[in-house]
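Heads up: the structure comes next, in structure tokens.
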Amino acid sequence: VAYINTPEGDSYAVLVHAAKLDVLKAGITGSGVRYTSIDGSNLVWHVKGKEGFLAHDDADETMILRNCKAR
């Protein structure tokens, strides 16, 4: 995951999953940072500290990758 912060104050996470580049935008969350896809792929990347998970952005947040850790 690479993180991009724009001069306008927007934050993005860019990641590769299933041989596809996905761009997700930061939004409101209770804890950490929750990024959601901007292209309709319905993904969510939720990170808190140096740990995160990738899930489908559905009612159950169906896990794709869990226990991801920054190196």
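Annotation: side chain to side chain donor-acceptor pair (under 3.5 Å) contacts of K48 (sequence neighbours excluded): S31. In this structure, the ring-ring contact (aromatic ring centres under 6.0 Å, His included) partners of Y3, at least two apart in sequence or on a different chain, are Y35. Evaluation of the salt bridge (charged side-chain N to carboxylate O under 4.0 Å, His left out) rule for K50 yields no partner, not counting sequence neighbours. With sequence neighbours excluded, the residues that form a salt bridge (charged side-chain N to carboxylate O under 4.0 Å, His left out) with D10 are K25. With sequence neighbours excluded, the residues that form a side-chain contact (heavy atoms from CB on, under 4.5 Å) with V44 are R34, T36, A55, D57, E61. N5 is linked by a side-chain contact (heavy atoms from CB on, under 4.5 Å) to S11, counting only residues two or more places apart in sequence or in another chain.
Note on L15: it does not cluster hydrophobically with I4, by side-chain heavy-atom contacts below 4.5 Å among ILVMFWY residues. Under the 4.5 Å side-chain heavy-atom criterion for Ile, Leu, Val, Met, Phe, Trp and Tyr, V1 and I38 are members of distinct hydrophobic clusters.
In this structure the side chain of V14 reaches within 4.5 angstrom of the side chain of L21, judged on heavy atoms. Within the 4.5 Å cutoff, no side-chain heavy atoms of L54 are placed close to those of D22.
Atom OG of S41 is separated from atom NZ of K20 by 4.0 Å, given to the nearest 0.5 angstrom. Note that CG of N42 is 8.0 Å distant from CG of D58, once rounded to the nearest 0.5 Å. Remark: L43 CG to H17 NE2 distance equals 6.0 Å, nearest 0.5 Å. Atoms CG and OH, from L24 and Y12 in turn, are 11.0 Å apart once rounded to the nearest 0.5 Å.
Nearest heavy atom pair, residue M63 against residue F53, reads CE-CD1, 3.4 Å.
If you check the side chains of T62 and D60, you find no donor sitting under 3.5 Å from an acceptor.
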